[in-house]
Amino acid sequence: MAVLHKIDVAGIRLYTNHGCMNEEAIIGSHYEVNISVWANLNASVQSDDLNDTVDYVALHAIAKEEMALRSKLLEVVCQRILDRIMNEHPLVQKAKVNVAKLNPPINGDVESVALTFTAER
C-alpha cells in the first residue's frame, strides 16, 4: 500500500482579468485559488530537506503566474495550473485545483462561481 501525504495551499487571493466580457478584461475581478496535492513525503520526513518534498511556495507561484495570464474561461486557467503542478513536481501523485471567481458579474446575488479539476498519475 502506497503512503500519500496531503499538502494544501488554501485561500490564494488574487485580482486579475479573466472572463468573456470586455469589461472583465478592463476592470478585473477577485479570485481565490485552492490547491491540494498528495505525495509520498517519507523522504522529507527522514531528511528534513526541502528538496525531498513538494514546496508549497512553488505551488503558490504556479497559481499566481497562471492566474496572471488572461483567459476567457476559468476552465483554461484551472487546467493550466493543474498541468504545471503535474509536470513540474514529479513527487505529486494526485492534485486538485479549485479556482473561484468571487462576486461574479451575473444577474443575481452569488458569492462565487468555481471550478475544480483533479489529476492523478
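In this chain, residues are counted from 1 in sequence order. All values reported here derive from a predicted model rather than from experimental measurement.
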Assess whether side-chain contact (heavy atoms from CB on, under 4.5 Å) is satisfied between S44 and H5, documenting all intermediate values. CA-CA 11 Å; S44 65; H5 306 93; over 6 Å; no

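Under the 4.5 Å side-chain heavy-atom criterion for grouping Ile, Leu, Val, Met, Phe, Trp and Tyr, V99 is not connected to L102 through any hydrophobic cluster. Using a 4.5 Å cut-off between side-chain heavy atoms of Ile, Leu, Val, Met, Phe, Trp and Tyr, with links allowed through other members, V9 and L91 fall into the same hydrophobic cluster. Clustering ILVMFWY residues whenever any of their side-chain heavy atoms sit less than 4.5 angstrom apart, transitively, puts W38 in a cluster other than the one holding V97. Cluster membership for V57 and I85, using ILVMFWY side-chain heavy atoms within less than 4.5 angstrom, is shared. Clustering ILVMFWY residues whenever any of their side-chain heavy atoms sit less than 4.5 angstrom apart, transitively, puts V113 in a cluster other than the one holding L115.
Nearest heavy atoms, N51 versus D49: N-OD1, 2.9 Å. Closest non-hydrogen pair, A63 versus L14, comes out as O-CD1, 4.2 Å. In plain terms, the two heavy atoms of N34 and G11 that are nearest each other are OD1-N, 2.6 Å. Residues H89 and R121 approach most closely at O-NH2, 3.0 Å, considering heavy atoms. Taking both residues in full, the closest heavy atoms of V92 and K94 are given as CG1-O, 3.2 Å, listed atom of the first, atom of the second, then distance. Summarising the geometry of E75 relative to F117, their closest heavy-atom pair is O-CE2, 3.5 Å, with the distance given to 0.1 Å.
With hydrogens and angles disregarded, no donor-acceptor distance shorter than 3.5 Å links the side chain of R84 to the backbone of E65. In this structure, N40 contributes its side chain and L4 its backbone to no donor-acceptor pair below 3.5 Å.
Note that the OG atom of S47 and the CG atom of D52 stand 3.5 Å from one another [nearest 0.5 Å]. Between the CD1 atom of I62 and the CD1 atom of I81 there is a distance of 9.0 Å, given to the nearest 0.5 Å. The structure places CG of L82 at 11.0 Å from CD of E66, a figure rounded to the nearest 0.5 Å.
Side-chain atoms of N98 and T116 form a donor-acceptor pair, as typed in the model, at a separation below 3.5 Å.
Between K72 and V76, the closest side-chain pair of non-hydrogen atoms is not below 4.5 Å.
Residue H60 is tested with I35, D55, V33, I12 for a side-chain contact (heavy atoms from CB on, under 4.5 Å); the sole match is I12.
Residues satisfying the side-chain contact (heavy atoms from CB on, under 4.5 Å) test with T16, not counting sequence neighbours, are H18, Y31, M67.
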